[in-house]
There are 2 protein chains.
Amino acid sequence: MATLSVPTPAPTAVEDAEKLKKAFQGWGTDEKAVISVLAHRDATQRKQIRLAYEDLYKEDLLKRLESEISGDFEKAVFRWIFDPIERQAILANVAAKKGIEDYRVIVEIACVSSPAELLAVKQAYHARFKRSLEEDVASHTTGDFRKLLVALVSTYKYDGAEIDTKLASSEAKILHNAIVEKAFNHDEIIRILSTRSRAQLIATFNCYKDEFGASINKVLSGDEFLSALRSAIRCINSPQKYFEKILRNALNKPGTDKDGLTRVIVTHAEKDLKVIKEIYHKRNNVTLDHAVAKETSGDYKAFLLALIGN
Amino acid sequence: MATLSVPTPAPTAVEDAEKLKKAFQGWGTDEKAVISVLAHRDATQRKQIRLAYEDLYKEDLLKRLESEISGDFEKAVFRWIFDPIERQAILANVAAKKGIEDYRVIVEIACVSSPAELLAVKQAYHARFKRSLEEDVASHTTGDFRKLLVALVSTYKYDGAEIDTKLASSEAKILHNAIVEKAFNHDEIIRILSTRSRAQLIATFNCYKDEFGASINKVLSGDEFLSALRSAIRCINSPQKYFEKILRNALNKPGTDKDGLTRVIVTHAEKDLKVIKEIYHKRNNVTLDHAVAKETSGDYKAFLLALIGN
């Protein structure tokens, strides 16, 4: 349920490359033309356009874009243009180097991706940065955050649907005990979240709610580390609701959190942004299009609205 | 530099299956025939033999072997018959369920395997046990051992040859400081060992030796946790020397450590046992064949000697 709209039949990669070249020529850039091409092509098509452009004009499309566009628009285009796995590797690298400041990006990549996707991101990370995601996260964090984030990005989880209900019940109790004792950094919480499969964890969270009368998320509130735990649980349990909240917070923040806004739209337009949009509309009594249009401007606004499917 | 010897041309899988069937028929089992087939076929051939046997006789070769042979011989054949990745997954599962008792097996699989091999073992683990290696190791260990073992098995390390010499020097100092403070369970020691690439770690260990005048291994001696740290370092730094020591300890132990002896021979016969044998000979002034012949007996002895290339 993507929001990305691609015309059928789509122009060929060569036609698109020619249109972009034309948009770059002369005084200034024809941003509308850039948006009309790039915001309406899927990952494979974007890759083909880059190859065709390089082939035709012997210059790197990314480098050319860098000198043609700027600001939030440029940042958004540079996030968007890569394929999803490559993009996650780049986002992970930027976030890892910032330590805990951008922990949410690390949590999202670790907890929303399937084990196979996370593995592909880590392989792209090796190829691009000549090091591992794990070592970068580990060397830029300390203490409880390191324990949590490194464990989340490291594990190659089982991806099957099998559930052990006894285990779910016993681990719900372990989580509850740690929470009652306010031992939120407890090794057992991190062990359970970081090693159990998504299906098993969802069973455990359901057991928690049944046995202790409240969603585990509701009882975790306090400092930033608790926010990280909560983010991990929400990314595992209900990623689309989680991303709706990221969008809501980004749009409601004075000055708008452009990084958060761009990240969610760009990483979900080709995937599940339609669902996130519906949740947003219900939750906020205003459409996402309307809110984005209100809080952004210029080419950045036009680009985001195109990706949202406006 | 394997010790496994395979005849050329080798019999077909069907011929081998027929020979095995014949060895099982009548009163008792012709163990010599079993050894002459299984101890002289590579992983692909062994797989073909299992398929051919199943096809010809509508029975599982493994099940039949279970009722035909016994004791240490049976255990060794059951370790040997699988292909290397499948075997490591099985060894890891047996070890993980024993918690720290068998920590060496976990350390070996995590630290000797290349990142791609470890990943393949974890994928085989998922397929066979419907869970992850990480969750099994984590749920059967606690404390410092859990921190170390889970970190070692989890990370998908970078496998390139690039080295950052400044980083090697600064992390050698971090290791040295932790060792001076006797903070062996220090998060930084575990972080460095579990996340840095093999090439980077070897550079760091070399820096350590240059700057502090002693091999990092020599300064780590004490309790069982320190042994685990030392095992990890030796598996990264000089796996063949490490395995020579496992063999030496297994053979010198009163009663012989059959599990250790079988494990090293079976997992290295098709890989690098020739090198380990040479190191053993130099170190002990006796050949590995001689030592194995002295400490074992019967079909078990004949099987191991065949794998060693005797």
Side-chain angles (χ1 to χ4, degrees), chain A residues 96 110 115-116 118-147 149-164 167 170-171 174 186-201, chain B residues 96 110 115-116 118-147 149-164 167 170-171 174 186-201:
Chain A
L118 178 58
L119 172 63
V121 170
K122 294 203 266 188
Q123 288 170 329
Y125 201 100
H126 288 192
R128 179 173 273 264
F129 305 110
K130 306 291 169 202
R131 46 203 294 123
S132 68
L133 174 57
E134 287 92 329
E135 66 191 304
D136 282 348
V137 173
S139 64
H140 289 89
T141 49
T142 54
D144 291 341
F145 263 98
R146 178 194 283 175
K147 270 162 57 176
L149 297 179
V150 174
L152 291 176
V153 293
S154 297
T155 314
Y156 181 56
K157 287 188 173 193
Y158 178 61
D159 199 22
E162 295 87 350
I163 287 165
D164 179 337
L167 185 70
S170 75
E171 295 198 333
I174 292 174
H186 200 285
D187 285 352
E188 287 289 90
I189 297 188
I190 293 174
R191 171 185 68 79
I192 292 169
L193 284 183
S194 66
T195 68
R196 295 304 184 191
S197 72
R198 178 187 303 270
Q200 182 66 32
L201 282 172
Chain B
L118 178 58
L119 173 63
V121 170
K122 295 204 265 187
Q123 287 170 328
Y125 201 102
H126 287 193
R128 179 173 273 265
F129 305 110
K130 305 291 170 204
R131 45 204 294 123
S132 68
L133 173 57
E134 287 92 328
E135 65 191 303
D136 282 349
V137 172
S139 64
H140 289 90
T141 49
T142 55
D144 291 341
F145 264 98
R146 179 193 283 174
K147 269 163 56 176
L149 297 179
V150 174
L152 291 176
V153 293
S154 297
T155 313
Y156 181 57
K157 288 189 173 192
Y158 178 60
D159 199 22
E162 294 87 349
I163 287 165
D164 180 337
L167 185 70
S170 74
E171 295 197 335
I174 292 174
H186 200 284
D187 285 353
E188 288 288 270
I189 297 188
I190 294 176
R191 171 185 68 80
I192 293 169
L193 284 183
S194 66
T195 68
R196 296 304 185 191
S197 72
R198 179 187 304 269
Q200 182 65 32
L201 282 172

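Just the heavy atoms: all of them, side chains too, but no hydrogens, waters or symmetry mates, feed the values below. So you know, we letter chains A, B, ... as the sequences are listed, proteins then strands, and number each from 1.
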Where does B:Arg191 contact chain A at under 4.5 Å (heavy atoms): side chain, backbone, both or neither?
side chain
What one should report as the nearest heavy-atom pair of B:Ala138 and A:Thr195 is CB-CG2, 4.0 Å
Could you tell me whether the side chain of A:Glu135 and the main chain of B:Lys157 form a donor-acceptor pair under 3.5 Å?
no
Less than 4.5 Å to any heavy atom of chain A: does that hold for the side chain of B:Lys130, its backbone, both, or neither?
both
Drop me the distance from A:Glu162's CD to B:Arg131's CZ, to the nearest 0.5 angstrom.
10.5 Å
State the CG-OG distance between A:Leu152 and B:Ser154, to the nearest 0.5 angstrom.
10.5 Å
Under 4.5 Å from a heavy atom of chain A, the part of B:Ser139 involved
both
Over 60° means perpendicular and under 30° means parallel, so tell me whether B:His126 and A:Tyr158 are parallel, tilted or perpendicular.
perpendicular
For the candidates B:Gln123, B:Lys122, B:Glu171, B:Gln200, which exhibits the highest count of non-hydrogen atom pairs separated by less than 4.5 Å from chain A?
B:Gln123
